[in-house]
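Quick notes on the structure that follows.
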Protein chains: 2
Amino acid sequence: MEDKFQLLKQHFEEIVPLTDEEWNFVQSHFEVKRLKKHQFLIQVGQPVDFEYWIIKGLVKAYSIDEKGKEHILQFAMEDYWVSDHYAFQHQEPGTIFVDCLEDSEFFCLSLENREKICFEVPAVANFFRIKSNYGYINLQQRILSLLTMTAENRYDYLINKLPKLIQRVPKKLIASYLGVSRETLSRFNS
Amino acid sequence: MEDKFQLLKQHFEEIVPLTDEEWNFVQSHFEVKRLKKHQFLIQVGQPVDFEYWIIKGLVKAYSIDEKGKEHILQFAMEDYWVSDHYAFQHQEPGTIFVDCLEDSEFFCLSLENREKICFEVPAVANFFRIKSNYGYINLQQRILSLLTMTAENRYDYLINKLPKLIQRVPKKLIASYLGVSRETLSRFNS
DNA sequence: GATTTTTTGTGATGTATATCAATCTTGAAA
DNA sequence: TTTCAAGATTGATATACATCACAAAAAATC
């Protein structure tokens with residue numbers, strides 16, 4: 001149990017130093033959650049009470065279009081943050097699904113608690129600021145890749161960037177993440 | 001001159017309150033820059049010393065592919081932040097171009113100064129944290145729109161979301177932002 | 001106000017990728 | 001270990017969109 005909090009502490013301290021007092025305060029605002037493969041973390045229409053830091057496991061965040069087709073917004077594994085950020089921030093019903101591709105374990109942080117620790121502990125505000133900034137940069141890169149690259153190039157790019165992910169995730173889901181049909185992806189040679 | 005700083009102050013205070021003392025400190029870390037239409041704010045290969053808050057004007061951030069085709073990552077106008085965030089954050093040479101579609105005026109913030117005011121004034125850290133979070137949410141929405149919607153739907157969506165932008169920007173650039181050819185966009189009926 | 005330059009529109013044609021369908025393979029569950 | 005569901009592959013066909021080419025309209029520049 002201590003281990004898990006140790007992991008989270010390390011995650012914070014990669015970005016900002018925290019005193020023991022600060023850390024104890026911060027830590028007390030998280031709770032743990034466990035889910036098995038195929039269980040939902042977030043569902044469309046349901047309240048989104050938390051954002052989640054993944055201790056262990058793998059999830060996919062996705063939306064379903066009118067034709068029932070799944071479009072993957074994000075894969076998230078150990079050391080990643082995931083939520084329906086839009087719904088969470090605005091405290092509105094979920095707009096996407098998030099479910100587990102493997103048995104998973106999370107630290108949960110409510111909006112109220114996040115704001116509390118950010119305004120109470122400046123280093124935490126800076127932590128989330130810097131994290132969020134990196135996230136923003138990554139999404140800009142992904143948008144550029146969607147605008148400028150062919151599906152095959154995006155596939156090659158992903159294989160280089162996240163080789164471990166490819167091992168853990170069925171190719172049909174990779175296809176959905178890349179914005180290409182599974183049949184087309186299957187015809188690429190990589 | 002005072003007016004401009006007043007605008008920036010309002011921009012901060014929409015998110016977090018600041019004492020006069022804090023504001024004076026923060027304000028002193030910005031400098032003003034003016035550019036005419038067609039001038040570059042950021043160029044590929046050049047240092048990216050600042051991120052910019054737009055006082056007045058309109059810019060496009062874009063990359064050029066091997067075939068010389070332009071892909072627009074972002075339009076930014078009054079009250080928007082813009083930079084080559086990747087290059088800025090990592091203090092590396094520019095990876096994209098940003099140039100002015102209209103005569104424009106900016107507040108410039110260096111990385112050093114940003115970190116300084118964030119660690120000096122917690123409210124500022126929270127300001128950037130919250131702003132960055134909203135930015136992240138917007139980019140996620142854009143990614144979903146690229147994955148789930150047809151080009152025509154994305155166009156309709158943009159017309160509803162940013163009607164003012166459509167007035168100020170040639171349609172060929174809108175096409176490039178939406179990831180569609182100008183000819184195809186021209187055949188849509190909206 | 002005349003003249004370039006930029007932007008927009010429209011037809012003809014090409015291409016990457018989607019979709020449909022059938023089979024084969026792999027992995028999970030009982 | 002067997003059984004059944006999920007994933008992957010491959011062919012045939014359809015389609016959204018790109019590209020090329022040219023003309024018209026609008027806007028910027030002298």
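Lettering of chains follows the sequences in order, A, B, ..., and the numbering in each one begins at 1.
OP1 or OP2 of D/dT9 sits under 4.0 Å from a side-chain N or O of A/Ser186. Within the 4.0 Å cut-off from OP1 or OP2 of D/dG7, not a single side-chain nitrogen or oxygen of A/Lys171 is found.
Taking every side-chain heavy atom of B/Arg187 into account, C/dA12 is the closest of C/dA12, C/dA18, C/dT8. Checked against D/dC17, C/dT7, C/dT19, the side chain of B/Thr184 finds its nearest nucleotide in D/dC17. Proximity note for A/Arg182 (side chain, C-beta onward) versus C/dT8, C/dT19, C/dA22: the nearest is C/dA22. The B/Val180 side chain lies nearest to D/dC17 when the options are D/dC17, D/dA21, D/dT10. Of the listed nucleotides (C/dA28, D/dT19, D/dG7), D/dT19 has the atom at the smallest distance from the side chain of B/Lys69. In the set C/dT8, C/dA28, D/dA18, the nucleotide with an atom closest to the side chain of A/Lys37 is C/dA28.
Residue contacts shown for B/Lys67 are absent, as no nucleic acid heavy atom lies under 4.0 Å away.
Relative ring orientation between A/Phe40 and A/Phe97 is described as tilted, the plane-to-plane angle lying within the 30° to 60° band.
What you find for A/Leu109 and A/His29 is that their closest heavy atoms are CD1-O, 3.7 Å.
The interatomic distance linking B/Tyr155 (OH) with C/dG9 (P) rounds to 8 Å, in whole Å.
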